[in-house]
Amino acid sequence: MLSYIARRLVIAIPTLILVSIFVFVLQKLLPGDPALVLAGEERDPAVLEFIREKYRLNDPILYQYFSWMKAMLQGDLGISLRTNLPVTELIADKLPVTIQLAVMAMIIAFAIGIPAGILSAVRKGTAIDYIANFVALSGLSIPNFWLGIMLIMLVSVHLGWLPASGYESPFVDPLKSLQTMIMPAFVLGTALAATLMRHTRSAMLGVLKADYVRTARAKGLLENVVILKHAFRNALLPIVTLSALLFGELLAGAVLTEQIFTIPGFGKLIVDAVFTRDYAVVQGVVMCTAAGFILMNLIADVLYFLLNPRMRSSL
Amino acid sequence: MPTEAPDNAPQNAPVLEVQDLSLRFKGAPANIVDGLSFAVRPGETLCIVGESGCGKSVTALSLMGLLPRGVARVMSGTAIFGGQDLLALPQRALADLRGDRISMIFQEPMTSLNPSYRIGDQIAEIVLRHRPVTRTQARARAQEMLERVKIPAASNRLDDYPHELSGGMRQRVMIAMALANDPVLLIADEPTTALDVTIQAQIIDLIEDLQKESGTALIMITHDLGVVAEIADRVCVMYAGRAVEEGPVAAIFDDPQHPYTIGLMSSVPSVGPRSGRLATIGGMVPAIDNMPDGCRFAPRCPFAGPRCDIAPPLAELGPSHRAACHYAPLESAFAEAAG
Ligand SMILES: Nc1ncnc2c1ncn2[C@@H]1O[C@H](COP(=O)(O)OP(=O)(O)OP(=O)(O)O)[C@@H](O)[C@H]1O
Ligand code: SF4
Ligand SMILES: [Mg+2]
């Protein structure tokens with residue numbers, strides 16, 4: 001197991017290097033001169049030159065790349081052009097917000113998607129199945145931003161139940177934190193629930209046909225035991241893998257949703273950075289996201305192993 | 001107690017008596033099992049034989065209440081077990097019987113155990129479901145059952161996962177599970193078809209031994225006439241969803257009366273060890289959308305005549321020997337023809 005994880009981590013290194021090259025090159029290809037942005041109204045060539053010198057924008061490209069990599073390995077992602085703060089600090093600031101949002105969204109997605117998927121598989125072809133599928137399809141086709149705006153209009157503006165925007169750390173005021181996050185988490189969670197429901201349904205349909213499910217019934221086990229213990233347990237593998245990937249996506253930041261609810265998370269950070277050509281921040285955030293994604297992939301694989309006795313004993 | 005075996009019933013009353021069982025798949029124009037009747041007495045072995053697709057498995061599944069839901073349906077019939085009609089019992093009551101009073105083992109040992117759980121736990125589970133025992137007691141019972149099905153080093157095997165066992169071993173685990181609660185009736189649906197030939201005989205011997213030991217009644221569904229000769233007390237020959245002949249094993253082998261049975265037996269020597277699969281008979285089993293209205297064997301029957309447009313009843317020929325042919329017993333038919 002440990003050697004497997006180690007192997008996977010080693011494989012992750014070239015992936016990360018590729019991502020870094022990609023990010024770096026893309027950045028350089030973007031139109032616009034960051035020095036111009038920084039200088040603002042100032043058009044004095046001397047000032048521009050000073051800025052370029054200061055941020056090493058004049059160095060050869062390869063040199064820029066390697067010095068960036070070197071710094072990154074030392075935990076230094078550079079300084080934000082816009083805020084003058086270290087990028088690591090910005091990320092450390094925003095990451096917990098995004099993680100909280102992702103976790104809450106995931107909980108909502110599980111709570112809705114998995115029971116609905118199981119139910120519609122067990123009741124395949126009945127009204128319940130059709131309704132669940134219809135709702136899921138609607139959930140997939142309703143854009144997040146639209147649902148978000150509708151929720152704000154209804155719940156915040158019209159009913160006045162929840163704040164429309166803002167953020168509070170759960171360590172400062174847990175209740176207020178929950179109140180500000182519940183709507184965006186719901187918007188993200190329901191969309192994922194639809195995906196999760198459809199995957200759960202198809203995985204369950206597969207295992208419900210299995211001979212061991214018939215054996216479970218032949219043992220006289222009650223239907224809920226047959227379905228949850230014998231069928232669902234074997235449908236877990238694809239669901240777990242999918243969940244880890246969905247969570248990785250959530251960590252990348254829900255740009256639109258964070259924007260609508262003005263949540264100071266990863267999504268907002270990267271949007272602001274792109275619009276202001278804040279190179280260091282964009283690069284840092286993308287690298288961080290890629291690492292998070294690779295990590296979630298690894299976790300998915302590890303869970304896959306832990307859940308599968310056949311794989312487990314082959315190690 | 002509704003779930004108890006018929007203790008106070010007369011000694012020779014059947015454990016299970018199936019009458020006029022008809023099953024149909026959704027949208028099919030005819031019954032896949034049609035008017036099937038048979039009975040099993042305590043401790044008795046009834047072999048159900050017949051070509052592939054004649055409805056043996058669906059019959060067994062219908063008795064267990066395990067027909068695929070919404071796909072197959074019971075059209076008529078009763079199956080009296082312990083004074084109750086299995087076909088009319090509510091799901092919950094039937095689940096109380098399953099794995100306790102009636103057990104079943106299946107054709108597919110490789111896929112019939114849950115890959116995610118240890119075999120000891122899978123056996124203990126059936127005990128815990130039906131008996132007021134602790135986990136420790138259930139586990140002890142699981143080990144005892146593994147020993148009874150002759151799995152070597154049983155105590156070390158309890159924590160194995162199914163994939164760590166061979167097909168033959170897995171079928172032994174299935175048998176251990178099925179017998180863990182000392183059922184009154186065991187239904188074995190071609191338990192050896194998927195196994196190596198050498199293993200087949202071992203498994204059949206094991207089932208035979210365990211059945212003698214426990215006095216369980218056994219319905220053995222098989223293709224293998226060697227198995228029939230070895231373990232059957234009575235035989236029910238099925239053709240296209242109907243019983244065409246039923247009787248004591250000696251009568252079926254030595255004095256078959258239905259033309260289909262005669263065809264089956266033609267390749268089997270009547271003395272000495274019997275072995276081999278069912279003989280092939282010219283022609284094919286009619287498809288479900290092409291079932292003759294009368295005798296379903298007529299298209300392949302060398303004796304078919306005008307009377308065969310009407311389905312023949314299962315008529316008594318001798319002591320508990322019955323056949324469904326207008327010309328049975330054949331002696332009288334020949335006499336008729338000669339006279
Ligand atoms: N789900 C289903 N839908 C429609 N027809 C089915 C279904 N399952 C089985 N059948 C049909 O029912 C018939 C009886 O099947 P069954 O499995 O009982 O045969 P069998 O006698 O057990 O054969 P075998 O010896 O091959 O196991 C077959 O002809 C099969 O095609
Ligand atoms: S009833 Fe007729 S067709 Fe059917 S088995 Fe007898 S002789 Fe053959
Ligand atoms: Mg079968």
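Keep in mind the model is a prediction, meaning the values are calculated, not measured. Chain naming here is simple, since letters A, B, ... match the order of the sequence lines and numbering starts at 1 in each.
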Can you name the closest pair of heavy atoms from A:Asn144 and A:Ala191 and give their distance?
-> OD1-CB, 3.6 Å
Polar side-chain atom of A:Thr98 near backbone of A:Phe266 as donor-acceptor pair, under 3.5 Å | yes
Within 6.0 Å of NE2 in B:His130, more than 12 heavy atoms from elsewhere | yes
For A:Val213, is it the side chain, the backbone, both or neither that has a heavy atom under 4.5 Å from a heavy atom of chain B?
-> neither
In terms of heavy-atom pairs under 4.5 Å, which option from B:Met174, B:Met64, B:Glu125 contacts chain A the most?
-> B:Glu125
Heavy-atom side-chain contact between B:His223 and B:Glu190 under 4.5 Å = yes
Contact part of A:Leu222 toward chain B, heavy-atom cut-off under 4.5 Å: side chain, backbone, both or neither?
-> both
With a 4.5 angstrom heavy-atom cut-off, which part of B:Ile126 approaches chain A: side chain, backbone, both or neither?
-> both
Can you tell which part of B:Leu61 gets under 4.5 Å to a heavy atom of chain A, answering side chain, backbone, both or neither?
-> side chain
Counting heavy atoms not belonging to B:Arg131, are there more than 12 under 6.0 Å from its CZ?
-> yes
Select one option (side chain, backbone, both, neither) describing which atoms of B:Met110 are under 4.5 Å from chain A's heavy atoms.
-> neither
Answer with side chain, backbone, both or neither: which region of A:Ala218 has an atom nearer than 4.5 Å to a non-hydrogen atom of chain B?
-> both
What residue in B:Gln91, B:Arg92, B:Met104 has the most heavy-atom pairs under 4.5 Å with chain A?
-> B:Arg92
Greatest number of heavy atom pairs closer than 4.5 Å to chain B - which of A:Glu223, A:His230, A:Lys124, A:Lys209 | A:His230
How long is the span from the CD atom in B:Gln107 to the OG1 atom in B:Thr222, to the nearest 0.5 Å?
-> 10.0 Å
With sequence neighbours excluded, what pairs up with B:Arg170 under the salt bridge (Lys or Arg N to Asp or Glu O under 4.0 Å) test?
-> none
Under 4.5 Å from a heavy atom of chain A, the part of B:Ser112 involved | both
